[in-house]
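Single-structure report; data block below.
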Amino acid sequence: MEDESKELKLTDDEQELLTELLNDSAKLSETGKSRRQFLRNVSAASAAILATQMLAEQKIVAYTPIENVSGASSAIENGVKVVMKVNGAEKSLNVDSRMTLLDALRERLELTGSKKGCDHGQCGACTVIIEGRRVLSCLTLAATCEGKEVTTIEGLAKGDALHPMQAAFVKHDGFQCGYCTPGQICSAVALLSEAKNGEASYVTADVRAKARAIQLSDDEIRERMSGNICRCGAYPNIVAAIKEVHTGKDVAQTWQFAGETGVAIFENAEMNKEGA
Amino acid sequence: MRPFKFTKVNDAANAVQTVAANANSKFLAGGTNILDLMKEDVMRPDELVDVTRLNLTQIKTVSGGVNKGGVSIGGLGKNTDAANHPLIRQNFPLLTQAILAGASAQIRNMATNGGNLNQRTRCSYFYDVAMPCNKREPGTGCGALEGINRMHAVFGWSNDCVAVHPSDMCVALVALDAVVKVQGTDGAERSIPFIDYHRLPGNTPQKDNNLNQGELITAIEIPKNNFSDKSYYLKVRDRASYAFALVSVAAALEINGNKIKQARVAMGGVAHKPWRATEAEKFLTGKEATEANFKQAAEMEMKQAKPLEYNKFKVELGKRAIVRALMQAMNGGKV
Amino acid sequence: MNERIKNVGQAMNRIDGLLKVTGTATYATDYAIKNTAYAVIFKSAIAAGKIIDLDTSEAEKAAGVLAVITHKNAPKLNASGGIRGGALLQSPNIEFHGQHIGLVVAETFEQARYAARLVKVSYEKTDAKVDFEKHEKEAVTPKDKDRAEASRGDVETTFRNAEYKIEAVYDTPIEHHQPMEPHATIAVWEGEKVTLYNGSQIVNGAQNAAASTLNLKPENVRIVTPHIGGGFGSKGGQWANLILAAVAAKVVNRPVKLALTRQQMFNSVGLRQRNRQKIRLAATKDGKLTALAHETTTHCAINGEFVEPCGDCSKVMYDVPNSLISYRVVPMNIILPTYTRGPGKSTGSFALESAIDELAYQLKIDPIEFRLKNEPAKDPSNGKPWSSRAIVQCLKEGAKAFGWEKRKIEPRQNPQGNYLIGYGVAAGTYPARQRDTSATVKLTRNGSDVRSSIELAASDLGTGTHTILAQTAADALGLPINKIGVRIGDSALPPAAGSVGSVGAASFANAVNDACVKITDELIAKSGKQFFVRPTAAEMMASENINEFQTRVHAKPPADADKYSSHSFNANFAEVWVNDSTGMVKVQRFVAVTGAGKILNPKTARSQIIGGNVWGIGMALTEESILDSRWGNFVTRSFADYHVPSNLDIGSIEPIFINEEDTIPNKLGIKGIGEIGIVGVAAAVANAVFNATGKRIRELPITPDKLI
């Protein structure tokens, strides 16, 4: 993973909401408190209503204290003690040998950003980054993660800034339902370093060429992202978002309206200014 | 998934002993297939021995023995690392392409080279415990033989099993005459020529390969060759990416003057093991590298095919894929 | 804050976008609830018959198991309470392979999953009807009045005597919705009240079905579904898993989390049924259609009928004096089919628009010109005037944008290297409707800071509901958008229509707009003042020093809407590259021109159209579910076997919208765009494949084996 130089601008509201969300992440690593606790505590007066309303929606339903019964030792069979770093914070768990990393994240560590789409390595919704590499948490046993550094969608933002890939997904509407999105973004972030390292893909024109940082074509991005299924069909927007971060240049997306006077084309950047 | 003991080991010898001592124990390497199968209750080990931390990941030039000058790939190295290693990309680009044709980036980052060899078939009757399957449960019958066998074998199948081996990597390895290095239960290393590693189903389809319980793949060696500028891995599938092959072809040519000095052709998606197209190879040796000759080689190879009810198309598709892969190989293996 | 910024029509980022990119948007199983137990369903291994014995003893003894629930001990439920597809554990009878026959509840997911494998079931098998080819001839006229035969003129005689005609059968396979979020529920009881965290496209529909099935009052059931991980029709009606979660939670007296596995999704939540469509088309030499017959045969469940309306497009697309639309259906031992994106129109347009292409080719007339020659002045099915009909513009603008003039009428004229390039076009339509919806608007003021909260039991399954409602309210109240909060996805809010059949945006946005107009009226009336220029609600709150104010509306479609025929229309243009050696097809470029009324947010609308196009490309090229007729099971029961399109399958997609002002179907002129995006897509691709290769594929999907 690397920090990209280019920063995409958020609207004020988005930044405000983000700050709320990220403050929580900070608290999470400091105190071990969960996002949910933060959501319960968030003061309605402290954020723009757009932000608070979105948070409030979730606050209403995430109402119970966290005392995770599934973590109780009586329910653990063939227990394995594991200490791993998740989003920079050390986590110590006693897990059932059968527990996958995905279930450990979701059911034990309150990190529900990683999603269970198929549980069999056929969709990519559970993609996380371990030691800099994108992998499937549904096919990784938690027991094998001793000493590993795991980054999930919750750990991508730094300080009060989104990872550029997250911002690009918002800008390019690289999702609809949002369920595959955490996996898509983790996958895309790792893809950036793979490209930088000159790793090849099945559509690479000449794999014999010496590995060096490469500019990926659209088809290269598509092939490298094909392990992340998006049933809403946001693929073209996902490719645009990745291309923008990968190249550091604005990628135009057009909205076309045909009227009596012909087709009017608006570009993304322009519309962003107007719209936001 | 039944409860199992999770066992950590310090070295390969310890790993081999542990698994050899328990008939229902399995190695856990990348986990991309075994966990998938355990969740489906297709495989039910009561112990997994974690070999992910063993130092068997190196890729290096072979310094001695029959494969001197070739490459040795650690059995527990990741598929991604094998595909991208300069020694492989420059000298064995066929292997790079084949690995990259398989699965997804995430899976290739997890899956090990040895594990790739040992992955089980993706036959949906094997995967569905409500269905009969001799491979999963010997004696229950083959669901696919008279069932939906569009994805199944056209070569070497038996009435007991018509499944195909799903690997792409192995198709390139069999074409390149690789050798599998195995640490035995007696501590000694043995070498298995790749072509003998996987088995045809016969009446023991439950055995995918000739590895014994407890034996660990330490490395895969590929002998030096002169195919690097004329090889190509072609994969035909139902969608553009992230799908198993209908038919795949690994093709490699060594040209001397205007004649083929040596041809290697292997196929995936057509048999219980990576299928070495020896008929095609024999025909091509000494011939000119023309489309007409490629077509004739493909005809000769596919003449032996015995398709099932729903995979008759694989005969024609196989011919076309052989020709196309050889043409691409002549074109320098460029996409 | 008084600036009257126009938000509607702007390409704005989703207001829930940040939640989605940070992993903080909550889906059904993302709620951490104290003391939650885990349930795993187990399913029938036969397609027809009954359970004669069920041994749960081993499962019950397994570590961590809290309960094993089967028909033997399940509480009595109201099986006709509106849950689709049965499988509520009320009897030992089996009607399809994979019917739920029980569930295990345990302390952990791992324990529940393991114990579910330990249940031993013996069956008494009866002959199952699972082979469509074999039972097709037993098909009967559907009971559903909407699928009654519709005919005018004399198709038979006209067709028999016609010189130019096409008679062809088009087959589309069983498809599955497979949203990325598998159907899942957390059920939490508090006394007689139950809260169900559960993805629901129709929030109140889920509430009512759950209440009725569980014999509860609707007010005792709360559905919570702020974000839905896709649905595409499968989360419209609700299926047994929702109820089984509630039952399990009741039995173990703890909250229970129940998620279907991906494999279980294939026979748990409906499907798009297999359709065999016979089309007969006749035309004069100069390309005037004279007869159109569209006869569909399909299957439904043994004890439930659903027939997707494949003939709908054929009713309204072309001006043809002799027409016949009919349906036949055979009940089979396959799970109940249900609405799937573009129900009937997507599959029906594949047949109709392929046949149009075939006949145009026979006549040697350009297929766009052929369509233009057969434009109906009014709705041919009922004689009503169109409220608007953008199809001519869609075809013409699309042709320009796509570069249609480069297309050769004869196939195989455009080879490039190892590829054959082809162009195809197809049109489509989907009805525009508004449904009854209530909404509450609340205003609060703190000094000069006025804010609003919009509340209704609408849903957002990725369609952008949150965002378009904020845009609508901001404009209607005269507030900046960052002062608008949107609360949806909760049955405790005012009842609303569902996100189904492209009625969501029109129903929700009109209700919100009405509520905002009403609150402004009420504030003006309350002030007792008269204004030359109508003030905004925001201005009234400030000028009248009001700190809190709210109102609620129940919005209905306009009274006159029924006098017109209101539809969205589109034209789809595909450029395909067919690998001449391998038969693999890539849709390199796709242009979709859509006339769908008011586009509230071009950014999210564009995404919706692209999504529909991707679905259509999947229908054309990759998606197919296959049953083994010996057992009635799906052999394509995973994402490795059932191929939804991957990223590399999709090339460039350019959506274009027609500027369309049509306030007949509803005041805001919204026609809806969730469904129209898939209509006509498969036909455009198949027509392009013909243009590329000369091969006319009438059986989807167009996999490599069909082109070699």
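Convention: sequence-line order gives letters A, B, ...; per-chain numbering from 1.
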Interchain contact, [X] with chain A, by part (heavy-atom threshold 4.5 Å):
X	answer
C:Pro645	both
C:Tyr642	side chain
C:Ile228	backbone
C:Ile650	both
C:Val614	side chain
C:Glu660	neither
C:Ile617	neither
C:Thr604	both
C:Thr29	both
C:Glu654	side chain

Discussion item. Counting heavy-atom pairs closer than 4.5 Å to chain C, which one of A:Ser114, A:Cys118, A:Ser226, A:Pro236 comes out on top?
Written reply: A:Ser226
Contact check, side chains of [X] and [Y], non-hydrogen atoms, under 4.5 Å:
X	Y	result
C:Ser638	A:His120	no
A:Phe175	C:Ser607	no
A:Glu77	C:Gln111	yes

Discussion item. For C:Tyr38 and A:Glu107: C-alpha separation, side-chain torsions, deciding distance, then whether side-chain hydrogen bond (donor to acceptor under 3.5 Å, both in side chains) applies.
Written reply: CA-CA 11 Å; C:Tyr38 295 79; A:Glu107 309 298 332; 2.6 Å; yes
Thinking salt bridges, do [X] and [Y] make one under a 4.0 Å N-O criterion?
X	Y	value
C:Asp649	A:Arg222	no
C:Lys586	A:Asp219	yes
A:Asp173	C:Arg14	yes

Worksheet item: Just checking, is any N or O donor in the side chain of A:Asp96 or C:Thr108 under 3.5 Å from an acceptor N or O on the other one?
Response: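 Judged by distance alone, the side chains do not pair up.
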Discussion item. How long is the straight-line distance from CG of C:Asp30 back to CZ of A:Arg106, given to the nearest 0.5 Å?
Written reply: 4.5 Å
Discussion item. Would you call the rings of A:Phe257 and C:Phe657 parallel, tilted or perpendicular, taking 30° and 60° as the class edges?
Written reply: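 The arrangement is tilted - the two ring planes meet at 30° to 60°.
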Practice prompt. For each of C:Arg113, C:Arg341, C:Glu623, tally heavy-atom pairs with chain A at distances under 4.5 Å, and name the one with the top tally.
Written response: C:Glu623
Response to the item:
Closest non-hydrogen atoms of A:Ile153 and C:Val21, given as atom of the first, atom of the second and distance, are CD1-O, 3.2 Å
Worksheet entry | Nearest atoms (heavy-atom pairs only) where C:Lys603 meets A:Val170 | NZ-O, 4.2 Å
Worksheet item: So what's closer than 4.5 Å to chain C heavy atoms on A:Ile229: side chain, backbone, both or neither?
Response: both
